[in-house]
Amino acid sequence: MYRFPYPWVEALDTESLPNCTVYEPGEHTSLVSQSLEEAVRDCLEKPAGCPPLATMLRDSSAKKVLILVDDMTRPTPQRRILPALLSALGESGIRSEDICVVIATGLHRGMDTREIRDRFGEAAVNRVKIVNHNACDRENLVSLGAAEDGTPVLVNRMVREHDFIIAVGCIEPHRVAGFSGSSKMVQPGICGEQITASVHWRGWSSEGKALYGIADNPIRREMHAIGEKAGLRFILNVVLGTDGRPYRFFAGDPWAAFMEGCKEVRRMASVTVQSADIVVVDSYPFDIDLWQACKGISVAELVVRPGGTIILATPCPEGLGAHGRQIMKTGYLPYSEVVRRVNEGSFENLTIACHLAALGRILERGELLIVSPGLDRDLLKRVGLRSSFTVSEAIDEARARLGPGAEIAVLKNACSMIPSTRNSAPK
């Protein structure tokens, strides 16, 4: 029996399903033998590509430190990592009142007071200032010039108000950036909406196989360049094991440490799979809304055959997400229609176009069926998406369309997987 990470999804009897194969990354549990705090201290003292953090702070005469952290849509155990970093900064002579923590929300909604306390812990909240980034607050953004396509690069003004910038995040496969972590905490983390939409549109205009799980791709290089302009000096990134616990830490130079971390993730997450007519995925832990849940869809896109069906199981307690009202104006569209409207300038928000493109690729090339308690069936119908009550029902619907011999691939931990497909003709 295959069990999903959500108790509301029924177990799937994959053994009795004809032509069904379950794929999953290998089992990887924590390599951190000492306490997390000791592991953080060790990697700060022995970073990749640069001197120890304490030495860098001393040599640069840093007085004010800006820490960029990810929000609750990411699985980074910030509640434990951030206090350990703050202690190390204190030992290096940086006063708590001279440290500011910015939640690199990108284009996500800001976190409220309760969410901030839950994610970062009382010790951090009571010690330093923690604030949300707001990509639409023009008064609190400063210019770093322009991107190659002429788009203004605006970033949170706090980068100009601090001497030293550190990014704390998690390295995982990512559809646009190749992998999360490092300079992604600057772009899109603390940038203005226009440059973030521009960069991501170029990503969604590219095939997933050209970017996903590739550390040195064009979009990541652009993000890294923006990070350098903003003054990002040091990263503290974690790679999580299949048990969700810290597997290994990578700290140091934003490029060198990041590349080491990506190499480790590729080793852990790469799985050879057979392309299939029906691909079943969940979106754990990226499942607060459909905006995040499309990460699971993007992985399935790499595996499903043309004309096939992707089945997504996801809770989405916040529905379509913070941009839901804007999505409702157009509904989900085939990818070519999204591109046409962008090219003619009829989309008022390129950010929305990026999300529509993510699902639009599937709507144009095949079928998407969603199983979710947080997404009302009538709502999904109004925005042009189809739903099923259960995963088994969705499989039956897909087989009714594709034929009883349709091959099924179930991707376990899909959002942490880098699939390499063995393409074969459908039976």
Side-chain angles (χ1 to χ4, degrees), residues 30-32 34-58 60 62 64-71 74-94 96 98-104 119-121 123-124 127-128 130 133 158-159 162-172 174 177 179-187 189-190 215 223-224 227-228 230-241 245-265:
S30 180
L31 285 179
V32 179
Q34 70 272 60
S35 71
L36 183 144
E37 292 72 21
E38 290 174 330
V40 169
R41 184 181 299 275
D42 282 353
C43 71
L44 296 179
E45 293 175 351
K46 301 173 184 176
C50 66
L53 177 60
T55 302
M56 293 185 70
L57 292 168
R58 184 193 66 218
S60 63
K64 301 187 69 176
V65 174
L66 183 66
I67 303 175
L68 309 180
V69 294
D70 48 20
D71 64 17
R74 298 295 183 265
T76 313
Q78 295 283 5
R79 188 183 183 94
R80 297 185 63 196
I81 296 175
L82 184 56
L85 175 59
L86 293 176
S87 294
L89 290 175
E91 292 172 8
S92 295
I94 306 297
S96 294
D98 291 325
I99 299 172
C100 183
V101 176
V102 174
I103 305 171
R119 180 159 180 78
F120 303 106
R127 181 170 181 174
V128 295
I130 303 179
H133 169 67
M158 288 191 183
V159 301
H162 292 77
D163 308 311
F164 200 93
I165 303 175
I166 303 171
V168 182
C170 182
I171 300 178
E172 294 185 308
H174 190 274
F179 291 88
S180 63
S182 190
S183 53
K184 194 172 182 296
M185 301 294 286
V186 176
Q187 168 41 237
I190 60 167
M223 290 178 170
H224 180 69
E228 283 190 320
L232 179 62
R233 300 283 302 280
F234 195 94
I235 68 170
L236 172 56
N237 281 182
V238 65
V239 171
L240 301 177
R245 298 173 56 226
Y247 179 76
R248 187 176 170 188
F249 288 95
F250 294 86
D253 176 78
W255 186 258
F258 171 70
M259 294 300 285
E260 285 193 5
C262 292
K263 184 184 298 184
E264 185 75 351
V265 174

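Here the structure is a predicted model, which is why all the values come from computation and not from measurement.
- Here the side chain of R245 pairs no donor or acceptor atom with the backbone of L240 at under 3.5 angstrom.
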Walk me through it: do V102 and M158 pass the test side chain to side chain contact (heavy atoms under 4.5 Å, CB included)?
CA-CA 9 Å; V102 174; M158 288 191 183; 3.6 Å; yes
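- The side-chain heavy atoms of L57 and V65, taken from C-beta on, include a pair separated by under 4.5 Å.
- The side-chain contact (heavy atoms from CB on, under 4.5 Å) test with F249 singles out one residue from L44, V239, N237, L36, and that residue is L36.
- Listed for the E38 side chain is a donor-acceptor partner under 3.5 Å among the backbone atoms of S35.
- In this structure, I166 and L53 have side chains that are in contact, with non-hydrogen atoms separated by less than 4.5 Å.
- A257 and G252 make their closest contact through CB-N, 3.8 Å (heavy atoms, listed as atom of the first residue, atom of the second, distance).
- Of all heavy-atom pairs spanning A167 and S182, the tightest one is CB-O, 4.1 Å.
- For the pair I99/I94, a side-chain contact is recorded, criterion being any heavy-atom separation below 4.5 Å from C-beta on.
- Between the side chain of S87 and the backbone N or O of P83 there is at least one donor-acceptor pair closer than 3.5 Å.
- Taking all atoms of both residues into account, the shortest heavy-atom contact from Y247 to G241 is CB-N, 3.5 Å.
- Between the side chain of R119 and the backbone N or O of D71, at least one donor-acceptor pair lies under 3.5 Å.
- Remark: D98 CG to L66 CG distance equals 12.5 Å, nearest 0.5 Å.
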For V128 and C100: C-alpha separation, side-chain torsions, deciding distance, then whether side chain to side chain contact (heavy atoms under 4.5 Å, CB included) applies.
CA-CA 6 Å; V128 295; C100 183; over 6 Å; no
Is there a side chain to side chain contact (heavy atoms under 4.5 Å, CB included) between S60 and R233 once you walk through the steps?
CA-CA 11 Å; S60 63; R233 300 283 302 280; 4.2 Å; yes
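- What you find for V159 and A230 is that their closest heavy atoms are CB-O, 3.6 Å.
- The side-chain heavy atoms of M56 and P51, taken from C-beta on, include a pair separated by under 4.5 Å.
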I67 and L89: side chain to side chain contact (heavy atoms under 4.5 Å, CB included), yes or no, with the steps?
CA-CA 11 Å; I67 303 175; L89 290 175; 3.7 Å; yes
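- The pair R41-E91 counts as a salt bridge, with a side-chain nitrogen and a carboxylate oxygen less than 4.0 angstrom apart.
- Within the 4.5 Å cutoff, side-chain heavy atoms of H224 are placed close to those of W255.
- Aromatic ring pairs are classed by plane angle as parallel below 30°, tilted from 30° to 60° and perpendicular above 60°; the pair F234 and F164 is tilted.
- The shortest non-hydrogen separation linking A124 to L82 is CB-CD2, 3.9 Å.
- Here the side chain of Q78 pairs a donor or acceptor atom with the backbone of V168 at under 3.5 angstrom.
- Using a 4.5 Å heavy-atom cutoff, the side chains of S180 and D70 are not in contact.
- Remark: M223 CE to S183 OG distance equals 7.5 Å, nearest 0.5 Å.
- A heavy-atom distance below 4.5 Å is not found between the side chains of R58 and S92.
- Rounding to the nearest 0.5 angstrom, the gap separating the CD1 atom in I81 from the CD atom in E37 is 10.0 Å.
- A distance of 12.0 Å separates CZ in F179 from NZ in K263, rounded to the nearest 0.5 Å.
- Of all non-hydrogen atoms in R79 and G121, the two that sit nearest each other are NH1-CA, 3.6 Å.
- C262 has its side chain within reach of I171: a pair of non-hydrogen atoms, C-beta onward, lies under 4.5 Å apart.
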